[in-house]
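Written out below as structure tokens is the structure these notes cover.
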Amino acid sequence: MRTSSRNIAIGCVAAALLALPAAASAGSANASALGQDLDSLLGSAELGGATAGLVVRNADTGDTLYSRLGDSLLTPGSNEKLVTSTAALDLLGTDYSFDTIVRYTGSLTNGTVNGDLYLKGFGDPTTTLADYQAMAAQVRQAGITSVTGRLVADDTWYDSTRLGPDWAWDDEPYYYDAQVSALTVAPDANANAGSVNVVITPAAAGQPATVTMNPPNSYITIQNTATTGSATALSVNRVHGTNTITVAGTIAAGAQPDTERMSVDNPTAFVASLFRKALSDAGVSVTGANAFQKMPTGLPTVASHTSATLGQLLPTFLKQSNNMIAETLTKSAGQERLASGTFAGGVNALTTKLGDLGIDPNQYNQFDGSGLSRMDIVSPAQIAQLLINAKSRPWFQSWYDALPVAGNSDPAIGGTLAHRMAGTPAANNLHGKTGSLTGVSALSGYVTAADGEHLVFSMVSNNFLPATVKDVEDAVAVRLAQYDGSADTARQPAQRLAPHARTGKATDRRAGLECSWTHTC
């Protein structure tokens, strides 16, 4: 329902923009009409009482076309990923990848390891059950059939603080707020590390619904009271501080299975349980219990897995606004540069690259990599400068291509902008990054104007009351795509854009989150 009302509102805004009167004559101040229209949009009732900063600049010359509260320090939401991704690319490089290794202590005699088997992770957010099964097969192929000692999981590449500073406790059950571990698992190719897919399938009317998990496991307990009914109204939750997931409500008979993504408490222990089962299935028995400690150095390697490179992971990271990739890059940056796999160490490491990217560390605060923390602070002006500076980097084209593309319904291209600005001059034109928390919204990126001018822009809004102000962001972006500097002359101030449709307050805490986190893209 949120999606349909947004589309209606965007359609109204787009129609109003397309109906703007033609320029009166060339030779007037080029930005005058643009400035009036942007002022009108930022004066929308939806932003009443809020703080909304907007900066528009020429991407090639750096000239400023528009600035309103551009230097205001605001919470960026997932626009923080623009900073994290560019700083990580500068610091780690496009060829950076994550490893997972298996080694053993003691001796190997006649297929038996007389010691412990170690599984050590280096932060890979993309490992799946299939990857752990492949490593288990490698262990068997190395001639190992039994281990007399323990299965030891080593996640010490990062510290033991698994949730970022100022992350909301009531978001913890959901996959976008999963715990960060150097040894983790994703349920599918979307790299949502530290979570499981809970799949609810209807049965015959009046019968209990069927609940399964991916990856299949015995680590998590499902309490299922959901039934098959005439409509779908499901509630899925993880009991705080536990690995008990409750499924309640109804799913319509004949409906497609419903998949909910839920975080796991202690992903390291979850991986240990999955790997033990994978070893058993591969014909390798482990006598001892699961344990958790740092692996000694100098041990022989019997299995390994290497992730895709950072350059290859960029589309998954940016198009779907993936928090776990952001946080693993942050902690890995800290470990690689400062030997500190912590949130603070990672932020300090990334900060060493910020000056060259156009962000003054003295006018900026960062506490995590994803933007989940409401203590993150940056200005639209700094984001716009970062967008300009990024153009000179050798990795720019792949990074630019990995940004969501407005109005492109293919999620692999459009990402979080797949269903925004469709049918407008911004569609298949604007490459940008979204950012959404309750009371926080941002859109920043690149757009080519009607006259061929390359523009960068950053709009960040804080402390608004409606569930979303994305309609205003979209109208701003469409107006920039229509901009013609040679003919975009001033109009009378009384000529305003059409009002926006949505002004109601948010009633659902999750309504203000990134669409990719709430299945509404």
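Contact check for R103 versus V302: no side-chain heavy atoms found under the 4.5 Å cut-off. Within the 4.5 Å cutoff, the side chain of N190 has no heavy atoms near those of the Y175 side chain. Counting heavy atoms from C-beta on, the side chains of D265 and T242 never come closer than 4.5 Å. At least one side-chain heavy atom of T244 sits under 4.5 Å from a side-chain heavy atom of Q223.
Side chain of T309 to main chain of Q312: a donor-acceptor pair is present (N/O by atom type, distance under 3.5 Å, no hydrogens or angles). At least one donor-acceptor pair under 3.5 Å links the side chain of T84 to the backbone N or O of G369. A side-chain donor-acceptor contact under 3.5 Å links D376 to the backbone of F367. Here the side chain of D171 pairs no donor or acceptor atom with the backbone of A168 at under 3.5 angstrom. Remark: the backbone N or O of P173 is paired with a side-chain donor or acceptor of S263 at under 3.5 angstrom. In this structure, the side chain of Y446 does not engage the main chain of F457 through any donor-acceptor pair within 3.5 Å. Side chain of D471 to backbone of D474: no donor-acceptor contact under 3.5 angstrom is found. Judged purely by atom type and a 3.5 angstrom limit, T424 uses its side chain to pair as donor or acceptor with the backbone of M421. The backbone N or O of L372 lies less than 3.5 Å from a partner atom in the side chain of D368, making a donor-acceptor pair. D155 places no side-chain N or O within 3.5 Å of a backbone atom of L183 that could act as its donor or acceptor partner.
Within 6.0 Å of NZ on K120 lie more than 12 heavy atoms contributed by other residues, nucleotides or ligands.
The two atoms that bring S181 and R162 nearest to each other are CB-NE, 4.1 Å, heavy atoms only. The minimum heavy-atom distance linking L313 with I325 is given by the pair O-CD1, 4.4 Å.
With K331 as the fixed residue, the side-chain hydrogen bond (donor to acceptor under 3.5 Å, both in side chains) test singles out one of T342, T161, D159: D159.
Look at R374 and D166 and you find no salt bridge, because none of the NZ, NE, NH1 or NH2 atoms lies under 4.0 Å from a carboxylate O.
F122 has its ring centre no less than 6.0 Å from the ring centre of F98.
Between H431 and Y400, the ring planes are parallel. Angles under 30° get that label, and only those over 60° would be called perpendicular. Below 30°, between 30° and 60°, or above 60°: for Y176 and Y174 the angle between ring planes is below 30°, a parallel geometry.
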